[in-house]
2 protein chains.
Amino acid sequence: MLYKCFEKREWWLISATIKDVAAAAGVSVGTVSKLINKSGYVSDKIRERVLLAITLLNYQPNAVARSLKQSKTHLLGLIVDDISNPSITKMMKSIEDAARNKSYNLIICSHNNDSDQEMKAFQWLQEKRVDGIIAIPTGAELDELQLPSSIPIMTVERKVKYNRFYSVVHENIHSSFSLVQHLYIHGCRRLLFIHGPLLDHVEQERHQGIRQAIGQLGLDPELQIFLEAGTDIASISGAVSSHLGSSGLPEGIYATNRLSLAGTIQALWSMDIKVPGDVAVAGFGDIDPYGILRPTLTAAKEDFNEVGKIAAEILFERIENKMRYNQPKEFIVAPRLFIGTSCGSHSHS
Amino acid sequence: MLYKCFEKREWWLISATIKDVAAAAGVSVGTVSKLINKSGYVSDKIRERVLLAITLLNYQPNAVARSLKQSKTHLLGLIVDDISNPSITKMMKSIEDAARNKSYNLIICSHNNDSDQEMKAFQWLQEKRVDGIIAIPTGAELDELQLPSSIPIMTVERKVKYNRFYSVVHENIHSSFSLVQHLYIHGCRRLLFIHGPLLDHVEQERHQGIRQAIGQLGLDPELQIFLEAGTDIASISGAVSSHLGSSGLPEGIYATNRLSLAGTIQALWSMDIKVPGDVAVAGFGDIDPYGILRPTLTAAKEDFNEVGKIAAEILFERIENKMRYNQPKEFIVAPRLFIGTSCGSHSHS
DNA sequence: ATGAAAGCGCTAACAC
DNA sequence: GTGTTAGCGCTTTCAT
């Protein structure tokens with residue numbers, strides 16, 4: 001029974017097809033398909049024969065053919081800024097977990113904050129006919145005409161101009177306010193704010209939180225300094241160093257994102273400035289994944305795990321209910337405010 | 001000309017097919033295909049008509065159908081232990097870069113060191129007919145019969161028992177030796193070795209390097225202590241704390257992997273032990289991605305970037321030359337020995 | 001230079 | 001219960 005397929009193809013290189021299995025078992029392809037997909041009944045004798053043939057031929061169903069037929073790939077597209085960004089990988093992990101539960105796989109693309117690459121990623125995923133997309137947009141306006149209209153899309157973490165997608169983002173304004181307030185409570189009246197370019201909504205909102213805090217806490221605006229320090233740690237560290245060198249120490253420093261925070265710490269260490277002794281420090285982001293930094297930092301830590309989980313949940317719901325159309329709808333996740341010892345609080349250990 | 005496709009399908013939901021384009025442009029599908037793939041000549045008038053139709057219909061070729069026809073998915077499978085492991089993500093990034101250059105996308109699966117999940121990942125990728133696979137194996141023996149025989153596979157970072165694959169791994173023995181030697185040079189004669197379970201070749205080889213060093217440096221074996229501390233930071237930290245509490249301080253500590261190293265640091269900080277004042281510390285791995293830890297750690301840092309690059313290069317070469325068969329062949333990447341201040345060396349800043 | 005048609009491997013509707 | 005067959009969207013060979 002089996003010889004047919006043996007002579008027909010180089011079976012040790014090309015994997016067996018459903019046809020080979022059917023021939024080997026002496027049944028029709030329909031029967032094999034029914035058995036594999038548990039659709040329809042198959043008698044026990046035949047079931048056994050088919051199962052044997054499958055094992056013997058080491059048959060692996062061709063998911064490409066199945067996808068073509070069913071218009072369903074069981075693939076999720078994930079577009080991120082940088083696949084090696086430690087914060088983002090937490091989100092990738094929670095999305096992957098959700099995907100695995102549903103027997104989905106992930107195609108991951110990164111755009112490195114280049115909007116051309118972003119478009120390309122969307123295009124690739126659309127051509128591959130993924131069942132859904134979760135994307136951290138560059139923030140550039142997305143040319144909607146070129147975007148897949150028939151694939152459910154979730155944007156996460158960053159807002160898109162004129163957004164028309166479901167999105168999950170972190171709360172920023174209040175968290176930012178709280179950090180300033182925390183510095184205030186610890187006696188800081190002259191603050192230095194290290195931030196990045198105010199291009200995306202994240203930096204803008206954190207900035208807004210700062211301004212609100214300055215107003216409501218009655219801080220003297222003249223004494224507060226804003227320093228836009230750059231987008232990579234080395235240059236941020238340099239900018240902070242030279243600022244502190246020329247302008248002297250504030251009472252407190254608040255860095256609005258993980259890179260600014262890391263660069264600030266590097267600068268302080270290099271100048272041998274003690275925290276919190278010489279200056280209090282607070283920031284946004286988690287730059288200590290291994291929990292080995294002392295003093296521990298007071299920081300608003302984004303809950304990327306949760307963002308990914310929510311995005312995946314909603315996406316799967318939309319996929320399963322065939323809600324292909326996109327519409328603006330926003331979900332907000334609150335960062336956790338972690339009180340460390342970097343502002344003078346005592347550790348509770 | 002265009003109306004046909006408009007009435008034929010819900011074109012705003014289902015994307016246009018090559019047939020729609022052909023109909024709209026009044027040509028045959030073959031011609032459209034030729035144009036898209038730049039195979040064969042198309043006259044200028046027709047080219048223009050077809051291009052117009054493509055734009056008008058916002059046609060995106062269906063990569064699933066193309067893959068089925070060509071037996072080529074332009075997809076690479078990547079199997080890792082943990083998608084959020086910061087070391088591993090560097091490797092993922094370099095592989096993704098290489099893939100993007102070749103217009104390939106990545107399907108990323110993680111197995112969390114569970115060999116069942118590992119098998120499942122291989123199976124999924126095989127069903128999806130990826131063109132190649134790069135995998136960090138669990139280390140468990142792989143059931144070769146169930147493994148794709150027609151897909152080129154690269155294993156990285158960990159060795160598989162009875163390996164029959166191309167693999168790229170880090171050098172361990174000599175690097176481990178060097179770390180012990182470095183501690184020795186800084187005067188340490190009583191050492192504590194914090195390590196993980198000796199299950200995979202990585203820990204085994206690093207262990208071997210230690211034993212070689214003890215022998216060749218003439219360290220008194222009686223004074224050297226090995227502590228297997230666990231596999232997660234919290235429990236490692238606990239184990240180290242309680243060991244130090246009961247047995248007192250050695251002169252130097254060498255942690256053989258990133259988790260052991262992080263756990264050790266946590267334990268030292270929590271007991272208020274100064275490094276390098278009270279004890280010298282060296283280790284394997286990079287636990288300070290943001291460069292903010294003081295003292296800076298003397299450590300052997302794996303070059304995951306390089307491992308990924310090499311693996312991708314070889315894999316693409318095999319894919320392009322249709323070298324589908326796997327065979328045992330090993331490539332070795334040397335970690336970089338980074339001299340920090342944690343053993344008493346002076347920083348050169 | 002363009003069209004016609006076979007077929008990639010599979011599923012699902014229908015026939016027996 | 002099981003077999004037959006059309007067709008998913010595309011590429012490619014062969015006519016013309």
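By convention in this document, chain letters (A, B, ...) are assigned in the order of the sequence lines, proteins followed by strands, and residues within each chain are numbered from 1.
Between the side chains of D82(B) and S110(B), no donor-acceptor pair is found at a separation under 3.5 Å.
One atom, NZ of K69(B), and another, C1' of dG7(C), lie 5 Å apart when rounded to the nearest Å. Summarising the geometry, the separation between CG on N62(B) and C1' on dG9(C) is reported as 14 Å, rounded to the nearest angstrom. Residue Q70(B) contributes atom CD, which lies 12 Å from atom C1' of dG9(D) at whole-angstrom precision. Put simply, CD1 on I18(B) is 8 Å from C1' on dG9(D), counting in whole angstrom units. Here dC10(C) presents its P atom at 3 Å from OH of Y59(A), a figure rounded to the nearest Å. Taking atom CG on D20(B) and atom P on dC10(D), their separation rounds to 9 Å, with Å as the unit. Rounded to whole Å, the distance from NZ on K19(A) to C1' on dC8(C) is 10 Å. Spacing between atom NZ of K128(A) and atom P of dC10(D) amounts to 15 Å, rounded to whole angstrom units.
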What are the atom names and distances for every N/O pair under 3.5 Å that joins the protein to nucleotides 2-5 of chain D?
| residue | atom | partner | partner atom | Å |
| --- | --- | --- | --- | --- |
| dT2(D) | OP1 | S43(A) | OG | 2.5 |
| dT2(D) | OP2 | S43(A) | N | 2.4 |
| dG3(D) | OP2 | S28(A) | N | 2.9 |
| dG3(D) | OP2 | S28(A) | OG | 3.1 |
| dG3(D) | OP2 | T31(A) | OG1 | 2.5 |
| dG3(D) | O6 | K34(A) | NZ | 2.7 |

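Considering CD1 of I151(B) and CD of Q60(A), their distance stands at 9.0 Å, rounded to 0.5 Å.
Legend: residues meeting side-chain hydrogen bond (donor to acceptor under 3.5 Å, both in side chains) with S67(A), ordered by chain and number and at least two apart, are absent. Scored by the ring-ring contact (aromatic ring centres under 6.0 Å, His included) test, Y104(B) finds H74(B), F316(B) as partners (sequence neighbours excluded).
Among the nucleotides dC10(C), dT12(D), dG9(D), the one closest to the side chain of A65(B) is dG9(D).
Mapped onto DNA chain D by nearest heavy atom, S39(B) and V64(B) fall at different nucleotides, with V64(B) at the one closer to the 5' end.
Within the 4.0 Å cut-off from OP1 or OP2 of dT11(D), at least one side-chain nitrogen or oxygen of N37(B) is found.
In E330(A), the CD atom is crowded: over 12 heavy atoms of neighbouring residues, nucleotides or ligands sit closer than 6.0 Å.
A salt bridge does not link D97(B) with K309(B): every distance from a Lys NZ or Arg NE/NH1/NH2 to an Asp or Glu carboxylate oxygen is 4.0 Å or more. The existence of a salt bridge linking D200(B) and K159(B) is excluded, since no basic side-chain nitrogen approaches an acidic carboxylate oxygen closer than 4.0 Å.
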